S.K.: 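Could you have a look at this structure, given as structure tokens, before my questions?
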Amino acid sequence: MNRMMAIIERELRKFFRSPALMMVSMIFPLVQLIILGNAFGGKIVDAKMGIVDQDGGTEALKIREAFDSIRVNVRTFEPVTYDNDKQAMEDVRNGKIQGALIIPPQFSRRVYEQNHPRIALVVDNSDNFMSSTLEQKLTELTEALNQPVVEPRLLQKTALDVVELYPYIEYMKYLLPGSIVLAMFVSVMIGGGMLYIDDKARGVHEGYLVTPITKAELVFGLNGAGAIKAVMTGIIITVIGSLMAGVGTLFNPSIMLGLIIMIILTSVSFNTMMFLLMVRVEDPLVPRAMFGILNTLLFFPSGSIYPIQAFPFWLRAIARVDPFTYAVHGFKALLLKETGLAAIAPDIIYLSIFAVATLGIAIPLFKRTL
């Protein structure tokens with residue numbers, strides 16, 4: 001009994017002598033509650049909806065006025081005017097807008113002639129949450145336009161044609177980009193900068209310090225080793241996950257090139273981020289306790305399981321600087337939408353700048369001492 005109590009006392013002393021570990025252990029449940037509570041179940045607001053008015057008649061004007069009413073009141077989407085339908089559909093494909101409503105020529109005339117007037121809604125159905133919300137709201141709008149009034153009305157019921165850019169996306173396919181990114185993050189968490197913390201805990205790092213290796217070379221070496229591990233993980237999970245989910249775009253040469261670029265940049269940016277966070281950490285238990293917080297704080301606001309447009313403004317602010325957001329968007333565009341490098345160019349630029357910035361900050365903070 002005394003020996004058992006001695007072990008308990010030792011572990012408790014180690015815990016209380018690390019204030020950072022204590023804070024992380026207490027903050028984790030709170031962060032998880034706040035993030036998950038706001039990341040799920042929210043209503044989509046301020047989504048970008050393109051309007052292509054090829055008619056310009058009075059009935060088309062009523063639809064535009066209904067859009068303005070939605071923008072002012074429920075704020076589900078914000079209308080963006082386009083001159084042609086091809087540009088609007090291309091912007092939906094590239095993620096610049098979430099949907100586009102096309103009012104065809106002679107729409108008003110067909111309404112007055114009761115000749116089956118129709119409008120078209122172009123949605124990015126690779127995001128089932130967003131597309132279903134837009135379809136529901138536009139269906140309500142067309143039903144409101146079709147409601148009879150007291151005086152005689154010539155308007156015949158307007159039908160909404162939903163144009164889906166992609167085949168049906170199962171939820172497993174939808175989660176695939178997020179799963180790839182999360183797997184790479186887990187690989188980074190157990191490698192890279194954390195290895196140096198473990199080496200310091202075991203005294204192995206003294207072997208580095210007696211060599212003429214510079215501080216920058218040591219930092220680059222640790223990050224390079226961690227990035228290589230994450231790249232291998234990303235490639236394996238991408239291939240196996242795509243086969244399991246039935247994503248055939250993987251074998252397109254141009255898509256394969258984009259995936260390799262995204263895997264490399266995601267690995268490097270995650271490694272430099274983790275190295276920056278761990279650069280002054282001494283206790284090897286702190287990184288492991290931080291894993292839950294970082295997983296919740298970075299993964300869930302990234303849009304991997306729920307649209308960012310449904311988040312409150314402060315959670316959107318986190319998503320804008322979260323490297324997970326850009327990694328998930330890039331993998332989603334390549335695997336689910338078959339887009340080219342132009343569509344993921346903003347993701348490539350952000351991840352590159354993020355990796356350079358975090359590494360540039362980590363190098364001067366790194367201590368090449370015992």
Side-chain angles (χ1 to χ4, degrees), residues 42-57 59-71 73-111 114-147 155-175 246-247 249 303 306-310 332-333 335-339 343:
K43 294 182 179 180
I44 292 178
V45 295
D46 298 332
K48 301 292 184 181
M49 172 68 75
I51 301 178
V52 185
D53 188 357
Q54 299 175 335
D55 175 67
E59 296 301 323
L61 179 61
K62 291 180 181 179
I63 295 177
R64 297 173 65 91
E65 290 175 348
F67 265 59
D68 292 334
S69 176
I70 293 175
R71 176 180 61 84
N73 295 301
V74 294
R75 295 177 51 220
T76 302
F77 47 73
E78 180 180 346
V80 179
T81 303
Y82 282 84
D83 295 327
N84 61 84
D85 54 350
K86 291 184 179 179
Q87 183 61 49
M89 293 178 66
E90 185 66 22
D91 285 354
V92 173
R93 180 183 296 274
N94 292 335
K96 293 183 179 179
I97 58 177
Q98 282 68 53
L101 182 73
I102 301 176
I103 305 175
Q106 307 297 323
F107 171 75
S108 297
R109 180 177 178 178
R110 286 178 174 270
V111 171
Q114 300 183 5
N115 186 16
H116 303 290
R118 311 181 77 87
I119 56 178
L121 172 64
V122 180
V123 295
D124 177 5
N125 65 296
S126 66
D127 187 338
N128 291 328
F129 298 102
M130 180 65 69
S131 62
S132 61
T133 299
L134 295 181
E135 290 177 26
Q136 178 184 1
K137 189 57 63 176
L138 266 297
T139 300
E140 294 174 359
L141 186 148
T142 54
E143 289 177 353
L145 291 174
N146 291 326
Q147 292 299 319
L155 179 63
Q156 192 184 19
K157 285 190 175 182
T158 300
L160 176 67
D161 293 334
V162 179
V163 181
E164 295 185 343
L165 294 178
Y166 314 102
Y168 175 70
I169 305 294
E170 296 90 352
Y171 195 62
M172 185 175 181
K173 293 181 181 179
Y174 181 77
L175 288 179
V247 178
T249 58
Y306 207 73
I308 295 175
Q309 287 77 11
K332 186 179 295 185
L335 290 172
L336 303 185
K337 303 181 183 181
E338 296 186 69
T339 58

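Bear in mind the structure is a predicted one, so any value in this text is a computation, not a measurement.
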S.K.: Applying side-chain contact (heavy atoms from CB on, under 4.5 Å) to M49 and L121, what does each step give before you reach the verdict?
M.R.: CA-CA 10 Å; M49 172 68 75; L121 172 64; 3.8 Å; yes

S.K.: Between atom CZ of F67 and atom CG of L141, what is the distance when rounded to the nearest 0.5 Å?
M.R.: 6.0 Å

S.K.: Report yes or no: does R75 contribute a side-chain atom to a donor-acceptor pair with the main-chain N or O of D46 at less than 3.5 Å?
M.R.: no

S.K.: I want to check something: taking the side chain as every heavy atom from C-beta on, are R64 and T81 in contact at a cut-off of under 4.5 Å?
M.R.: yes

S.K.: Is there a donor-acceptor pair under 3.5 Å between the side chain of T339 and the backbone N or O of A333?
M.R.: yes

S.K.: If every non-hydrogen atom of L335 is compared with every non-hydrogen atom of T249, which pair is closest and at what distance?
M.R.: O-OG1, 2.7 Å

S.K.: Report yes if some heavy atom in the side chain of D91 is under 4.5 Å from a heavy atom in the side chain of V80; otherwise report no.
M.R.: no

S.K.: Measuring from D53:CG to F107:CZ, what's the distance to the nearest 0.5 Å?
M.R.: 9.5 Å

S.K.: Determine the minimum heavy-atom distance between V92 and V123, stating which atoms define it.
M.R.: CG1-C, 4.1 Å

S.K.: Provide the closest heavy-atom pair for Y174 versus D127 in the form atom of the first, atom of the second, distance.
M.R.: OH-OD1, 3.5 Å

S.K.: Mind checking side-chain hydrogen bond (donor to acceptor under 3.5 Å, both in side chains) for N84 and listing every partner two or more places apart, or none if nothing turns up?
M.R.: none

S.K.: Scan K337, R93, Q98 and name whichever one has a side-chain hydrogen bond (donor to acceptor under 3.5 Å, both in side chains) with D124.
M.R.: K337

S.K.: Could you measure the distance from the CG atom of D85 to the CD1 atom of I51? Nearest 0.5 Å is fine.
M.R.: 14.0 Å

S.K.: Judged by modelled atom types alone, do D55 and S108 share a side-chain donor-acceptor pair under 3.5 Å?
M.R.: yes

S.K.: For the residue pair P104 and R118, establish whether any side-chain heavy-atom pair is separated by less than 4.5 Å.
M.R.: no

S.K.: How close do L336 and K173 get, heavy atom to heavy atom, and via which atoms?
M.R.: CD2-O, 3.6 Å

S.K.: Mark yes when over 12 heavy atoms from residues, nucleotides or ligands other than N73 sit less than 6.0 Å from its CG; otherwise mark no.
M.R.: yes

S.K.: With rounding to the nearest 0.5 angstrom, report the OH to CE distance, Y82 to M89.
M.R.: 12.5 Å

S.K.: Measure from the side-chain N and O atoms of S69 to the backbone N and O of E65, and report whether any donor-acceptor pair falls under 3.5 Å.
M.R.: no

S.K.: Could you check whether S132 and N128, counting side-chain N and O atoms only, form a donor-acceptor pair closer than 3.5 Å?
M.R.: no

S.K.: Under 4.0 Å between a side-chain nitrogen and a carboxylate oxygen: does that hold for K62 and E59?
M.R.: yes

S.K.: Which heavy atom of Q309 sits nearest to which heavy atom of M130, and what is that distance?
M.R.: OE1-CE, 3.3 Å

S.K.: If you compare all heavy atoms of P105 against all heavy atoms of Q54, which two are closest, and at what distance to 0.1 Å?
M.R.: CD-OE1, 3.2 Å

S.K.: So, taking the atom named CD1 in I103 and the one named CD1 in I63, what distance separates them when rounded to the nearest 0.5 Å?
M.R.: 4.0 Å

S.K.: Enter the distance from E78:CD to I97:CD1 here, rounded to the nearest 0.5 Å.
M.R.: 11.5 Å

